[in-house]
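Numbers here simply count residues along the sequence, with the first being 1.
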Amino acid sequence: MSEINTIAIITAKPGSADAVEQALRTLAEATHGEQGCIRYTLNRGLQDPNVFVTIEKWRSQEDLDGHMASPHVAATFAAAGEHLAAAPVIVPAEALSVGDAAKSAF
């Protein structure tokens, strides 16, 4: 199976961004040690600091599924749940080669 790119958009309630950021930092650190995690970045919106985006690359769908079922994902969203404005939007995606191959791949 081919690698899976995933984008997750997590939006904090106004006044809760710091709590959500801390929970997501803890999640990112734990995720970096997971089998199949090729890349996992945590980003915060410049125009809206209540919006966080993870950009991820997983070795396989099975590895992504394992991540989503991991205790640290459950713990993160249990801790951050009351601070979220909405449910996270998680988009697994397939990379499409376009133009310069080095610039179109993550």
Q: Output the distance between atom CD (Glu3) and atom CZ (Arg39), rounded to the nearest 0.5 Å.
A: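 Output value for this atom pair is 9.5 Å.
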
Q: Any side-chain heavy-atom pair from Thr26 and Gln22 closer than 4.5 angstrom?
A: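 A side-chain contact under 4.5 Å exists here.
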
Q: Check Ile4 against Ser60 and note the closest heavy-atom contact, atom names and distance.
A: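 What the structure gives for the nearest pair is CG1-C, 3.9 Å.
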
Q: Answer yes if the side chains of His72 and Glu29 hold a donor-acceptor pair under 3.5 Å, and no otherwise.
A: no

Q: Within the structure provided, determine whether Trp58 and Ile38 are in side-chain contact (heavy-atom separation under 4.5 Å).
A: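 Result no, sub-4.5 Å side-chain heavy-atom pair not found.
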
Q: Return the CD to OG distance between Gln35 and Ser70, rounded to the nearest 0.5 Å.
A: 13.0 Å

Q: Are the side chain of His32 and the backbone N or O of Tyr40 linked by a donor-acceptor pair below 3.5 Å?
A: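 Judged by distance alone, yes, a pair lies under 3.5 Å.
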
Q: Look up atom CG in Leu24 and atom CG in Leu42, then write down how far apart they are to the nearest 0.5 Å.
A: 5.5 Å

Q: Got Val91 and Thr6 here, is their nearest side-chain heavy-atom distance under 4.5 Å?
A: no

Q: Got Pro88 and Phe77 here, is their nearest side-chain heavy-atom distance under 4.5 Å?
A: yes

Q: Can you check whether Glu82's main-chain N or O pairs, donor with acceptor, with Lys13's side chain at less than 3.5 Å?
A: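 Yes; judged by distance alone, with no hydrogens or angles, the pair exists.
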
Q: Kindly compute the distance separating SG (Cys37) from CZ (Arg59), expressed to the nearest 0.5 Å.
A: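 The CZ atom of Arg59 is 10.5 Å from SG of Cys37, to the nearest 0.5 Å.
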
Q: Between the main-chain N or O of Pro49 and the side-chain N or O of Arg44, is there a donor-acceptor pair closer than 3.5 Å?
A: yes

Q: One pair to check against side chain to side chain contact (heavy atoms under 4.5 Å, CB included): Thr11 and Leu84. What are the steps and the verdict?
A: CA-CA 6 Å; Thr11 305; Leu84 299 180; over 6 Å; no

Q: Any idea which heavy atoms bring Ala12 and Val20 closest together, and the distance?
A: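 Smallest interatomic distance, heavy atoms only, reads CB-CG2, 3.6 Å.
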
Q: Test of understanding: with side-chain hydrogen bond (donor to acceptor under 3.5 Å, both in side chains), list the residues that count as partners of Asp18, not counting sequence neighbours.
A: none

Q: Compare all side-chain heavy atoms of Val51 with those of Asp48 and state whether any distance is below 4.5 angstrom.
A: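 SC-SC contact between Val51 and Asp48 confirmed.
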
Q: Which heavy-atom pair separates Ala23 from Thr76 by the least distance, and what is that distance?
A: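 Of all heavy-atom pairs spanning Ala23 and Thr76, the closest is O-CG2, 3.7 Å.
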
Q: Hey, what do you get for CD (Glu34) to NE2 (His67), rounding to the nearest 0.5 Å?
A: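 Going from CD on Glu34 over to NE2 on His67, the span is 5.5 Å.
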
Q: List for me each residue that meets side-chain hydrogen bond (donor to acceptor under 3.5 Å, both in side chains) alongside Thr54, sequence neighbours excluded, and say none if there are none.
A: Glu56

Q: When rounded to the nearest 0.5 angstrom, what distance separates CG in Asn43 from CD1 in Ile9?
A: 11.0 Å

Q: Are the side chain of Ser16 and the backbone of Ala19 linked by a donor-acceptor contact shorter than 3.5 Å?
A: no

